[in-house]
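Input: a single structure, listed below in structure tokens.
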Amino acid sequence: MLTNILNAFGLNADNTVIEPFGSGLINNTWKVLAGDNAYILQRINANIFKSPHDIADNLVLLQNYLHKTAPGYLFPAPLPASDHQYLVVDGDDNYRLLPFIKNSHTVDVVMQSAEAYEAAKQFGKFSRLLNDFDAGQLKYTLPDFHNLNLRVDQFKSALKTADTERLNKAAIEIKAIEGHVEIANTYRQLVNNHEIPLRVIHHDTKINNVLFNDDDKGLCVIDLDTVMPGYYISDVGDMMRTYLSPANEEEQDLFKIHVREDHFAAIYKGYMEEMGEVLAVAEKALFFYAGKFMIYMQAMRFLTDHLNGDIYYHIKYAGHNLLRAQNQLTLLNKYTAAKAKFEQLLNNQIQFIN
């Protein structure tokens, strides 16, 4: 099936070994072994990324910039095909080839605070190295991806159109979302008043988007499809949302959800070691808010999809999206309740403002 694709990238398909790779849920990914060389082949999910060429264009711009300004930085950008293009098109599908970084591995679940530290440091380093890059040059590969204003509007629309049964089942969660409206109000104020700058942001800072070496030290960030202009609270907030609790968003036993204060401190330390001298005072003041922002928005998105009849997120059982919303709302409550502990842990760190 992939013979023509491999040939287009200058590889002899007869002399390669192809095997499924990774745990990603968006793109189809394979590891390709060709003699002494190894590659990652991906088919970009066109249902999610409507303009795959925008991703390719963004990565070429970033690769060229980093090659000039940080030539030693490991940036696993796509490799050109034989026609010098970075995508091979086959019908409605778009494929790309990336180098496989030897002696590297990924982590699917954050078990230790050291992992949170290393990941936060890598995401911070990525944005720091691109601090002087004009983010306005990048295309929005997922428009409005972390636009909380839009998510609020979608939630309000769902309240008007949802059937009575779903509204009744979600009554407690609806009230909880409405009870945290100050999170949305803060975001609206930040955006409307241009209180913090747009930066080059990864937008998907889960732990398996970091490569680690054999000594479990961070090497670089990967899965760069969502790199586009954004606010730093997206990257920090997504780390809070996905690193702090040992239970992920699929956990049905809500009693297993709790936040690990040492992991929060590790995220702060790793990220601020790289971005501490780059962030404005107004941005630093939003560090704790970043977690509320992302957890709240994800809870709202799950609840909105439940009210809309589960049309966006794939579900495995009835009420799946409602349970996901309950999960994230529980995490939000645990997170906000731990604010004083977080501040105490970070008392001796530089310029932590709630």
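Quick note: numbers below take in every heavy atom, side chains included, and nothing from hydrogens, waters or symmetry partners. Keep in mind that this is a model prediction, so the values were computed, not measured.
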Below 6.0 angstrom between ring centroids: does that apply to Tyr187 and Tyr289?
no
Would you check if the side chain of Asn308 reaches a backbone N or O of Ala158 as a donor-acceptor pair within less than 3.5 Å?
no
Going only through I, L, V, M, F, W and Y residues with side-chain contacts under 4.5 Å, is there a path from Leu211 to Val110?
no
Side chain of Lys284, backbone of Gly276: donor and acceptor closer than 3.5 Å?
yes
Asn193 versus Glu195, side-chain donor and acceptor atoms under 3.5 Å
yes
Could you tell me whether a side-chain N or O of Asp262 sits under 3.5 Å from a main-chain N or O of Ser113, the two making a donor and an acceptor?
no
Please check if any side-chain donor atom of Arg324 sits under 3.5 Å from a side-chain acceptor atom of Asn321, or the reverse.
yes
More than 12 non-hydrogen atoms from neighbouring residues, nucleotides or ligands closer than 6.0 Å to CD on Glu19, yes or no?
yes
Check this for me, if you would: do Asp153 and Lys156 make a salt bridge, where the nitrogen-to-carboxylate-oxygen distance has to be below 4.0 angstrom?
no
Check the hydrophobic clustering (I, L, V, M, F, W, Y; side-chain heavy atoms under 4.5 Å; chains of links allowed) and say if Ile233 and Leu198 are grouped together.
yes
For the student: nearest non-hydrogen atoms of Met272 and Leu279, plus distance
SD-CD1, 3.9 Å
Membership question, hydrophobic clusters at under 4.5 Å side-chain separation (ILVMFWY): are Phe9 and Tyr86 in the same one?
no
Same cluster or not: are Leu87 and Leu62 linked, directly or through other Ile, Leu, Val, Met, Phe, Trp or Tyr residues, by side-chain heavy atoms under 4.5 angstrom apart?
yes
Could you check whether Lys102 pairs with Asp36 (Lys NZ or Arg NE/NH1/NH2 to Asp/Glu carboxylate O, under 4.0 Å)?
no
Parallel, tilted or perpendicular: which one describes the rings of Tyr232 and Phe287, with boundaries at 30° and 60°?
tilted
Can a donor-acceptor pair be found, under 3.5 Å and without considering hydrogens, that links the side chain of Asn131 to the backbone of Val278?
no
Using the six-membered ring wherever Trp is involved, compare the ring planes of Phe293 and His146 and label them parallel, tilted or perpendicular (cut-offs 30° and 60°).
perpendicular
More than 12 heavy atoms of other groups within 6.0 Å of Tyr317 OH:
yes
Any donor and acceptor pair, going by atom type alone, linking the side chain of Tyr296 with main-chain N or O of Ile177 inside 3.5 Å?
yes
Closest heavy-atom pair, Phe302 versus Ala325, reported as atoms and distance to 0.1 Å, is CB-N, 3.8 Å
Is it true that Phe133 and Val221 fall in one hydrophobic cluster, defined by side-chain heavy atoms closer than 4.5 Å?
yes
Before you tell me yes or no, could you show the steps for Gln328 and Arg301 under side chain to side chain donor-acceptor pair (under 3.5 Å), namely the whole-Å CA-CA distance, both residues' side-chain angles and the distance that decides it to 0.1 Å?
CA-CA 10 Å; Gln328 292 296 281; Arg301 293 187 67 187; over 6 Å; no
Carboxylate-amine/guanidinium contact Glu249 Arg241, below 4.0 Å:
yes
Atom of Ser245, atom of Lys256 and distance for their closest heavy-atom approach
OG-O, 4.2 Å
Return yes if some donor-acceptor pair links the side-chain N/O of Thr205 with the main-chain N/O of Met239 below 3.5 Å, else return no.
yes
Give me the ring orientation class for Phe264 and Tyr335: parallel if the planes are under 30° apart, tilted from 30 to 60°, perpendicular past 60°.
tilted
Relative to Phe100, does Lys31 satisfy both conditions: NZ or CZ under 6.0 angstrom from the six-membered ring centre, and within 45 degrees of the ring's axis?
yes
Within the distance-only criterion (no hydrogens, no angle test), does the side chain of Asp235 pair as donor or acceptor with the backbone N or O of His203 below 3.5 angstrom?
yes
Glu182 CD: over 12 foreign heavy atoms closer than 6.0 Å
yes
Within the distance-only criterion (no hydrogens, no angle test), does the side chain of Asn327 pair as donor or acceptor with the backbone N or O of Leu323 below 3.5 angstrom?
no
Check: Tyr95 main-chain N/O paired with Arg43 side-chain donor or acceptor under 3.5 Å
no
Tell me yes or no: between the side chains of Asp216 and His105, is some donor less than 3.5 Å from an acceptor?
yes
Approximate separation, where rounding is to 0.5 Å, of Leu59 CG and Asp225 CG
7.0 Å
As a quick check of understanding, evaluate side chain to side chain contact (heavy atoms under 4.5 Å, CB included) for Asn4 and Asp90, giving each step before the final call.
CA-CA 9 Å; Asn4 292 338; Asp90 181 33; over 6 Å; no
Out of curiosity, Leu138 CG to Arg199 CZ, how far, rounded to the nearest 0.5 Å?
14.0 Å
Centre-to-centre under 6.0 Å for Tyr140 and Phe145, is that the case here?
no
Check whether the side chains of Tyr243 and Glu115 place a donor and an acceptor atom closer than 3.5 Å, and report yes or no.
no
Results of side-chain contact (heavy atoms from CB on, under 4.5 Å) for Asp92 - residues two or more places apart only
none
